[in-house]
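First up is the structure itself, then whatever we jot down about it.
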Amino acid sequence: MLGMIPLKKEMEKSYNPHVVEDRIYADWLEKGYFRAITGSGREPYTIAIPPPNITSQLHMGHAFDCSILDILIRFKRMQGREALCIPGTDHASIATEVMIIKAMAQEGLTKEDIGREGFLERAWKWYDKYGSRIVTQLKKMGSSFDWDKLRFTMDDGLSKAVTEFFVRLHEKGYIYRGEKLCNWCSYCQTTISDAEVDHTDREAHLYYLQYQIKGTDKFIQFATTRPETILADTAVAVNPCDERYAGLVGKTCLVPFANREIKIIADDYVDAKYGSGAVKITPGHDHNDFAVGERHNLERINILNDDGTLNEQTGCYEGLTVKAARERILKDLEALGLYVKSEKLNHSVGTHDRCKDVVEPRLKTQWFVRMEELAKPALEAFKSGELRIQPERFAKIYLHWLTNIRDWCVSRQLWWGHRIPAWYCACGEITVARTAPENCPMCGSVSLNQEEDILDTWFSSALWPFSTLGWPDKTPDFDYFYPTTVMSMGWEILFFWGVRMVFSGIELTGALPFKDMIIHGMVLDQNGVKMSKSLGNGIDPLEMISKYGTDALRLSLITGNTPGADFRFREEKITSCRNFCNKIWNAARFILMNTPEDFDAKAAYELTDADKWLISHCNRLSRDVTNLLDSYDLGLAASKVYDFIWDEFCDWAIEMAKPRLIAGDKAALWTLRRVFFDALRLLHPFMPFVTEEVFQSLQSDEETIMRSAWPVYNDENNHTEEEHAISAVKEAVKAVRSIRAEKDVPPSRKVQIFIVSDSREQREIFTRGLSYLKTLSSAQEIFIDGTKCNVPENALSVVITNAVIYIPLSDLIDAEKELARLNKEKVRLESEVTRCESRLANKGFTDKAKPELVAAEAAKLDEYKNMLSKVTEEISKL
RNA sequence: GGAGGCAUAGCUCAGUUGGGAGAGCGCUCGCCUCACACGCGAGAGGUCACUGGUUCAAGUCCAGUUGUCUCCACCA
């Protein structure tokens, strides 16, 4: 009898993640399950996590990333691979520096107030605080990362890797220093790379101005959005084919205020149809003009100070901000009669992605990496198929970026980061070296100064897959675990980071840093807007964990999502995943309650249709889930397990097992346990905590599910006939339940059921399934017969495949309604018959479709015809 | 200007080589059925954006149209 069995262990009625998760995680840590063993002989499977920036706490995007990686790692670990996941954090040079400066501003301090050393001291304190907080948060996500290998981009080893990278590039001639037009952020007072510039549309004015042509009283008109830069103009350009200006090319005009004479030149860059057809050329403050200037050998003038004010080149405008200077200059031009008109214009303005301040192109001497040669093998790696990018469509971004790559400006006028390993001597010599040189190789001077600038933060991120394993040293870890297997990232950093890891990995290690680059989407808020701190629409993963538990959050981020697609965050989804945790918990509780102390799991039991149906189903599930995970389709894999556990295991298997368990049938228990364990194993990567807790409660052969063997598909466990038998039982049960619901027959009212079938095989199926049929359809008695002569008059009838079910409920029968119901069924079957017939009559179908499909269609036709005739017969009786 | 995504039930989204439209939430009806009301059972609800093409067969493949979101580039 149920309930008579003493419980081995009490289980609460509902699952409480909070009492379980921390305890289990601590246990995992203590047992060292996350640690990968170098040189174990097992095939390595390596992932380096995208290191979160130490700028802030974990957000939903990190939680998402973290879930994906942990699913893969746990899956492969269970499959027997030596699975290593390396965690870490990124110093995020500029992003962190901006935040520290803001924090200091609260105290009324500036960088200069405390100096470089003082600032770095603060930065390291920042790292101590926020870096460790991120680690705590990653652990909270249930991540099975190897914490012994925790790395930070500014660790000694990783910094050594950065220096090595720079020096090697320098040795190959890929590093150069030069004055080029850079993106200058006046707020952060540093250059930034092209990738860090966001273009945003802003309302502005297009001003029509004019310069007087020297020696004449004529003027040449041009349009500009940035009148203040006329002070840096060194030419006016027109299109060579523009006849209006043909006579002016080669002449000279006058820049007011600067009192400079500049040439009128002809260049294809100018669009004769735009504006007046003439353009002022400012090589010192515009990327296009810089290019024109190179072609025509024009002087480059810089009119900006580092803080964004105008410099001494601008005479009386010196010290004004760009905005103030613009207003003054317009007014002054008007006074000189050089202002013509203005129009409203919507145009895009470059802003810094970190501080949102306007980026000014200006001349600066910076360090650059020549990209041409580095990009080639990275392109080749993809084209040859060695590097896989999934989903494939993201390869376009990768290819586009590498094909159109420009030299990489790597120097930053910041303090928090890796200082460039270059030393200046008063003689002018610059020495690039791994360690500080004792004296200048040129003049021998011992007075050398290291470059003040630091490197772009991505310079160190680019090395992450191998610097974390000890490169440039030949460490055992590097030998064993490199190259890594998978790299995962959001599409928004594919070009920042993914591309750079590939080319630097190939250059430095001679190998692709990873085989598969998987790209995921972004987490959007419930309105479909990207979650961001500035919009304040972010949802804190930890808050969700404290409400619903880690497993619920993890599953909700994965299940039912398409790879690479952005998706909206919905709290209701976490709720339903939380409910699923509870479902698993209660399934386990049920099994526990029904498992006697002396149950022998190793004995051989006589299995029934229901047992084999369940085993067969789970066997197929193992195959599907494995394949889906191997192709990185995590969303579909998760939903498959979810559906199996809820719909098949809980709603059918457990329900069918109940009468057998009451009768003391050990085979039923054996099957439930066995299949449940496999289902838990398949689910474990997605929901590590609840699966572990339940797994440990139910058995003692294995101490952790984490190291349990991943279920493997086996042909021997395919039971087609039994699956067919159980679907017939399910069809009958559903038919009875449906009638009962329609007639409002409460479960408490037990009924008699007559199942009439002229097929002996079918009768045997129902006879074998009698106990399930009885329980699941709330029947008192079930009679299975070859003829209907024993069926009482006035019974409700429902036709199913190969049988008719009669339920004698004379008090509920309304002949008219029954007629209507049966007629509706008749119409449905008739249309099915017609559909099958027309399909089979189509020669194209019978000739070209797969033979098994044609055969299946013919079988269905027979079935429908059979059912139709039975329905017709029932109707005639009414 | 270049490229890409998306358009399927009231909402949010799945839909794996082309072969009878699915889930969660919401809604309706009935159930505290001895694992679970964070639950159980039964339902309602869809011209798979539009047009054309390929095919015996299209939500699925191809072309175009419309709407929508995004990325890259440019914007005197």
Side-chain angles (χ1 to χ4, degrees), chain A residues 1-3 11 13-15 199 201 206-209 222-226 237 269-271 274-282 286-289 345-348 393-394 396-397 400-401 404 491-492 494-495 521-522 526 528 530 548 552 556 559-562 564-570 572-573 575-594 624 627-628 631 633 635-636 639 642-643 647 650-651 654-655 658 662 734 737-742 744-748 775-776 778 832 835-836 839 842-850 853 856-857 860:
Chain A
M1 283 283 281
L2 274 176
M11 281 178 82
K13 197 170 173 184
S14 52
Y15 176 61
H199 294 276
D201 272 352
L206 181 62
Y207 301 98
Y208 285 77
L209 311 174
F222 55 88
T224 180
T225 52
R226 305 173 65 208
Y269 153 69
V270 183
D271 178 0
Y274 193 95
S276 63
V279 192
K280 70 196 239 359
I281 300 297
T282 322
D286 182 280
H287 286 103
N288 285 308
D289 292 6
L345 177 77
N346 217 351
H347 83 143
S348 86
R393 64 186 141 91
F394 291 107
K396 284 211 171 187
I397 298 182
H400 180 261
W401 190 261
N404 297 288
W491 51 258
E492 83 282 5
L494 171 56
F495 53 85
M522 288 191 307
Q526 55 190 346
K530 183 185 168 181
Y548 306 102
S556 78
T559 184
N561 286 139
T562 314
D566 294 348
F567 64 95
R568 292 186 203 202
F569 172 86
R570 306 191 84 224
E572 306 90 273
K573 195 170 175 187
T575 314
S576 51
C577 292
R578 187 270 319 261
N579 295 351
F580 182 55
C581 289
N582 197 49
K583 193 73 182 171
I584 291 161
W585 179 260
N586 275 288
R589 204 157 79 99
F590 176 82
I591 291 173
L592 187 65
M593 284 170 63
N594 284 284
D624 292 348
N627 290 342
L628 287 166
S631 54
D633 201 339
L636 207 46
S639 352
Y642 180 102
D643 290 344
D647 300 340
C650 292
D651 288 348
I654 286 186
E655 294 306 322
K658 279 179 182 173
I662 290 170
K734 284 183 177 182
R737 282 173 173 176
S738 186
I739 290 282
R740 292 183 64 118
E742 196 180 313
D744 279 333
V745 185
S748 50
T775 321
L776 300 182
S778 297
E832 294 289 6
R835 198 188 58 79
C836 286
R839 214 169 167 189
N842 182 343
K843 206 167 174 320
F845 176 73
T846 49
D847 287 355
K848 293 184 184 173
K850 278 178 255 168
L853 202 68
E857 202 64 26
K860 272 188 269 179

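From a predicted model like this one, the values you see are computed outputs, not experimental measurements.
- A cation-pi arrangement is present between A:R839 and A:F845, with the terminal nitrogen or guanidinium carbon under 6.0 Å from the aromatic centre and inside a 45° cone about the axis.
- Contact annotation: side chain of A:R578 to base of B:C38, donor-acceptor pair present below 3.5 Å.
- B:G4 and B:U55 have their P atoms separated by 26 Å, with the value rounded to a whole Å.
- Atom CG in A:N594 sits 8.5 Å away from atom CD1 in A:I662 (nearest 0.5 Å).
- For A:P747, counting side-chain heavy atoms from C-beta on, the closest listed nucleotide (B:C38, B:C31, B:U16) is B:C31.
- Judged by atom type and distance alone, A:K13 does not reach the base of B:C36 through any side-chain donor-acceptor pair under 3.5 Å.
- When distances run from any side-chain atom of A:R570 to the nucleotides B:C11, B:G5, B:G20, the shortest one goes to B:C11.
- Looking at the side chain of A:W491, the nearest of the listed nucleotides B:U12, B:C71, B:G20 is B:C71.
- Taking a pair as Watson-Crick or G-U with both hydrogen-bonding distances under 3.5 Å, the stems of three or more pairs touching RNA chain B are B:1-7 with B:66-72, B:10-13 with B:22-25, B:27-31 with B:39-43, B:49-53 with B:61-65.
- Proximity note for A:K583 (side chain, C-beta onward) versus B:C29, B:C36, B:G4: the nearest is B:C36.
- For a distance-only test at 3.5 Å, the side chain of A:E857 fails to qualify as a donor-acceptor partner of the base of B:A57.
- In terms of position along RNA chain B, the nucleotide closest to A:S778 lies nearer the 5' end than the nucleotide closest to the other residue of the pair A:S778 and A:E742.
- Side-chain N/O atoms of A:K860 and base N/O atoms of B:G20 include a donor-acceptor pair closer than 3.5 Å.
- Residues A:F567 and A:R737 both approach RNA chain B. Their nearest nucleotides, taken by heavy-atom distance, put A:F567 toward the 5′ side.
- Between A:Y642 and A:F580, the distance separating the two ring centers is shorter than 6.0 angstrom.
- For A:R393, counting side-chain heavy atoms from C-beta on, the closest listed nucleotide (B:A35, B:U70, B:G5) is B:G5.
- Distances from the side chain of A:M593 to the nucleotides B:C40, B:A35, B:U16 place B:A35 closest.
- Of the candidate nucleotides B:G19, B:G43, B:G24, B:G24 has the atom nearest to the side chain of A:S576.
- Side-chain to base pairing of A:E572 with B:G26: no donor and acceptor N or O lie closer than 3.5 Å to each other.
- For A:H400, the side-chain atoms get nearest to B:C72 when compared with the rest of B:C38, B:C40, B:C72.
- No N or O donor and acceptor, one from the side chain of A:R740 and one from the base of B:G30, sit under 3.5 Å apart.
- Between the side chains of A:T282 and A:K280, at least one donor N or O sits under 3.5 Å from an acceptor N or O.
- Separation of the C1' atoms belonging to B:A14 and B:A37 is 27 Å when rounded to the nearest angstrom.
- Here the side chain of A:F495 is nearest to one of B:C13, B:C38, B:C72, namely B:C72.
- When each of B:C74, B:C38, B:A35 is scored by its nearest atom to the side-chain atoms of A:H199, the top-ranked nucleotide is B:C74.
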